[in-house]
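Source: prediction; values computed, not measured. In this chain, residues are counted from 1 in sequence order.
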Amino acid sequence: MQNVLRSVRPLSRFRLQLRAAVRPHQHQPLLVKPYFVRPRCQSSRSVPQVGYSALFSSLQRPIPSRDSSIVRAESLQHMHTNRLASEESPYLLQHQHNPVDWYPWGIEAFEKAVAEDKPIFLSVGYSTCHWCHVMERESFEDDGTAELLNRGFVSIKVDREERPDVDKVYMTYVQATQGGGGWPMSCFLTPDLKPFLGGTYFPPQDAYGRPGFKTLLRRIMDIWHKKKDDIKLQSSDSMQQLIDMSTSQAGQEDLSDGQAIIAMDSCAQMMASRYDERLGGFGSAPKFPRPAEMNLLLVQHLRAKAAGSKMEAGKALAMATYTLQQMAQGGMYDQIGGGFHRYSVDDFWHIPHFEKMLYDNPQLASTYLDAFALTGDRQHAEVARGVLDYLMRDMTHPQGGIFSAEDADSLDKAGTKKEGAFYLWTEEEVKEVLGQHALMFIAHYHIKPQGNADLSPRSDPHHEFRGLNCLRQAQTLQETAGRAGVSEEEVRQTLAMCRKKLHERRGKRPRPHLDDKVVVGWNGMAIQAFAAASVILQQEDPPQAPAFPVEGHPPSQYLQAAIKAAEFVQHHLWDESTRRLRRSFCRNPSAVQGFADDYSYLISGLLQLYSVTGDTRWLHWCQTLQATLDELFWDDAAGGYFSAAGDDPSILMRAKEDYDGAEPAASSIAASNLFKLAALISGDAGQKYREKGQKTAAAFAERLQEMALAMPQMCCSLYLQALHHPRQVIIAGAPEAAETQALMAAAHGVFAPDRVVLPIDPSNEASRVWFQQFNPEALAMIEGATKEAGAPARAFVCQNFTCRAPTSDPAALRRLLQEPPAAVAGARKPAFTEVSSINLI
């Protein structure tokens, strides 16, 4: 029994682990504090971390085969229905018929635990998590396990996507005590919510010298009965240490330009040291798409180019674009239906963990759009279209909101639920569907009779994909055309026709589970990507033709998707009277309030939406959202934004994210938003936004100095800070006029991350009123330039309080924006010509 108590001793021995630990479920060194890392659900080909290290010392459990996680498709009579049936979360609803007497996170469960003096069993996951499904089938649907949980514990089920604040507290504990974490997360708490034992997946039966989940429950019940006072005392001490470790100390008031430049350079250098020159990406398998890394490399390319360092500029661009190319050619990109899977289990970006997450796809689409704007390479534009068309086709609510995720698991032909079943092909089936075109398609996509999961031992360690193929582009169009003796265009059209046929066949298979929850923050990402696509893709010449999964939509259709998503959030998840967001919507709005990332991501999307429409209603909403973000989440003592509002007494630790992982930290996005708001709004109000942006960045000065690689998206925001004033591109004209639209397309079609576009319609009363109140200088300037009847639309490029001569020529505007901005961070200041004396402030 002393082994159990070992898990609740004070955490002093884990202080070092909090600085240098192992990435959850991985064996490579991690460069950031684990309580700021996004753990992850495992592919069924990966080993879930078992939370026994603090309890038992024994042999390592062998990697389970996929057969241990399969489900037979059976028609189940619902013998049980618990409290989760009244919840909105798709994940909680998946557990509504478990025999476990589940409670949602809330006062009813807490009061029961206190009244009965029972420990709490907390289970955290999400609806598309593979090992969450496994543990449910093995344990939570088992009557014997349920009897133990119901008798000895108060069992609480939490959707980490709905309650990231709850997840953060207890994942911090699990990572501190176990050296890693992931989902499902299993944590045992005292009645006052303090953890005393944590882990991830627990298998059901005793095996290989390890006790199963039921044995573990019995032991905890016994030790709780005998030693509960000791457990309560030591868990309180452990929780306090975690709170102390995560409490921000007052740091710098400001981050100097020199520090900002050092942080950007340091982050880029660390990425270069981990770059996989052969296959793209950073580090070894499993490989994750981390858009923030590519975003910084594109910024570094501009900085190095402006400084005259062609070699450094070329290297930064090559690392970003080659990684993007390799990701899109592999099986991590759904070659048939578009969109990216969660990550690649091998180094080749080939075999993925097959779930698709909303937070990945819009960010990746935005990065591919930026790469297209910078390079003109239409392959990047086609990938971005493939992602966005997938979201529009398969992931959109009828009223415009974007759903959260698709599961990795689905039923195969035998009625067995397996990971990847929806996405994999036999050579025989491909030949049956494609007929005479099969040979070309088979060669291009690396299809083999024995299956193609053979590039790496990591791809299929248990040989569970024998005879199955995950499509990857093994040849270029030119190579396939040369071998087939036809033109590249004919190959392009033939492959697109084949993909469409296979998509139609795949549509007859049982689909993976759809998590139809609409999360505000992730929809903010989608709004940003759709809005950006509506203008950047106007640079495609000729326009993109349909090439499935690319639908060939006109760019204006992406704008409509952005507007509908924004209106969905505003209608269903925004309370004008309280100025608060709800976190998510499923059948109804969630009772859970929005978090800092919901506000920051939504503001980012709305700023982009204004910049392509000129509709100032989005600016009004941005200002209100930013005020609420500041009111609820700002850290007055140390700067930056807490993840949660701090008004829920059940959340014992108020965390501040300082890791730009799959979802960048709220503060990293907020800093950029603040610098852009400062460029939109003049006078004291604009200066206050800028100062808050500087304080946000300064709050992470120590973090950036220690490990800038942890925060590449914050480093992108530092680029705006170091410039002092982003370039303002003021476009005056009627938005429906062709000449205005041409200038808008030119303004957005150049990769210029320092650019803030201000469309002003002199004839629109709402536009005039907003600018008269918040930027009268800009309004006065465009009124003077367009006061003559029939005056053409004009663009003004301004920085550091002065503006270049206005132009009505889109090509001239593009040339202006392709010049380095004044006082480029870390570069020589360029010599400007034809500078007018118009003063914006």
Side-chain angles (χ1 to χ4, degrees), residues 1-22 24 33-37 39 49 51-57 105 109-111 113-124 152-154 156 158 165-181 185-200 216-217 219-249 637-638 642-644 646 648-656 658:
M1 296 307 174
Q2 294 304 314
N3 286 333
V4 174
L5 286 179
R6 225 177 272 153
S7 68
V8 296
R9 62 184 176 275
L11 293 177
S12 57
R13 66 167 293 196
F14 298 111
R15 289 183 184 273
L16 185 58
Q17 280 185 296
L18 289 171
R19 287 288 178 179
V22 177
K33 292 177 278 189
Y35 53 87
F36 291 114
V37 180
Q49 180 167 334
Y52 289 141
S53 60
L55 283 169
F56 312 103
S57 59
W105 183 267
F110 309 153
E111 289 180 344
V114 171
E116 299 181 10
D117 200 19
K118 287 182 178 178
I120 292 170
F121 170 62
L122 174 66
S123 176
V124 182
F153 303 84
V154 175
I156 298 178
V158 167
D165 54 342
V166 176
D167 178 66
K168 186 71 172 180
V169 172
Y170 299 104
M171 186 61 75
T172 298
Y173 174 82
V174 170
Q175 290 181 310
T177 56
Q178 303 299 316
M185 178 176 67
S186 305
C187 209
F188 294 89
L189 322 179
T190 61
D192 59 353
L193 307 181
K194 296 180 175 67
F196 62 88
L197 176 67
T200 55
L216 175 64
L217 295 177
R219 292 190 183 183
I220 292 175
M221 290 166 64
D222 180 66
I223 198 69
W224 178 260
H225 177 70
K226 296 177 179 177
K227 300 281 188 179
K228 71 174 67 173
D229 290 339
D230 291 340
I231 291 176
K232 289 178 180 179
L233 179 64
Q234 294 185 40
S235 65
S236 293
D237 183 73
S238 296
M239 191 68 237
Q240 186 58 51
Q241 290 188 58
L242 286 177
I243 293 171
D244 293 342
M245 291 178 198
S246 64
T247 300
S248 300
Q249 302 299 319
F642 290 111
S643 299
D648 184 345
S650 72
I651 304 303
L652 304 183
M653 184 179 73
R654 201 175 183 199
K656 189 189 301 178
D658 70 348

Answer yes or no: is there a side-chain heavy-atom contact under 4.5 Å between P119 and F196? yes
Between I120 and A113, which heavy-atom pair has the shortest distance, and what is it? CG1-CB, 3.7 Å
Residues D117 and W224: closest non-hydrogen pair is O-NE1, 3.0 Å
Side-chain contact, heavy-atom cut-off 4.5 Å: F153 with I220? yes
Just so I know, are the side chains of I651 and V166 near enough to count as touching, which here means a heavy-atom distance under 4.5 Å? yes
SB check D222 K227 (cutoff 4.0 Å): no
Output the distance between atom CG (D230) and atom CD1 (I223), rounded to the nearest 0.5 Å. 8.5 Å
Kindly compute the distance separating CG (L197) from SG (C187), expressed to the nearest 0.5 Å. 7.0 Å
Which heavy-atom pair separates M221 from G152 by the least distance, and what is that distance? CE-CA, 3.9 Å
Find the distance between CZ (R654) and OG (S643) and round it off to the nearest 0.5 Å. 9.5 Å
Which pair of non-hydrogen atoms, one from V174 and one from G199, has the smallest distance, and what is that distance? CG2-N, 4.0 Å
Gap separating the OG atom of S235 from the NZ atom of K228, nearest 0.5 angstrom: 13.0 Å
Please evaluate residues L193 and F110 with respect to the criterion side-chain contact (heavy atoms from CB on, under 4.5 Å), reporting the C-alpha separation (whole Å), side-chain torsions for both, the decisive distance (0.1 Å), and the verdict. CA-CA 8 Å; L193 307 181; F110 309 153; 3.6 Å; yes
Side-chain touch M239/V169, heavy atoms, less than 4.5 angstrom: yes
Would you call Y170 and P195 a side-chain contact if the rule is heavy atoms closer than 4.5 Å? yes
Side chains of F642 and D165 in contact at under 4.5 Å (non-hydrogen atoms): no
Kindly compute the distance separating CD (Q240) from CE (M245), expressed to the nearest 0.5 Å. 10.5 Å
Please examine the side chains of L652 and L242, heavy atoms only from C-beta on, and report whether any two atoms are closer than 4.5 Å. no
Would you name the heavy atoms of G198 and Q178 that are closest together and state the gap between them? O-NE2, 3.3 Å
Give the C-alpha distance, both sets of side-chain angles, the deciding distance and a yes or no for side-chain contact (heavy atoms from CB on, under 4.5 Å) between D167 and V158. CA-CA 8 Å; D167 178 66; V158 167; 5.7 Å; no
Under a 3.5 Å cutoff, is there a donor and acceptor pairing between the side chains of D237 and Q241? yes
Measuring from I231:CD1 to K194:NZ, what's the distance to the nearest 0.5 Å? 14.5 Å
Are any of the side-chain heavy atoms of P191 and K232 separated by less than 4.5 Å? yes
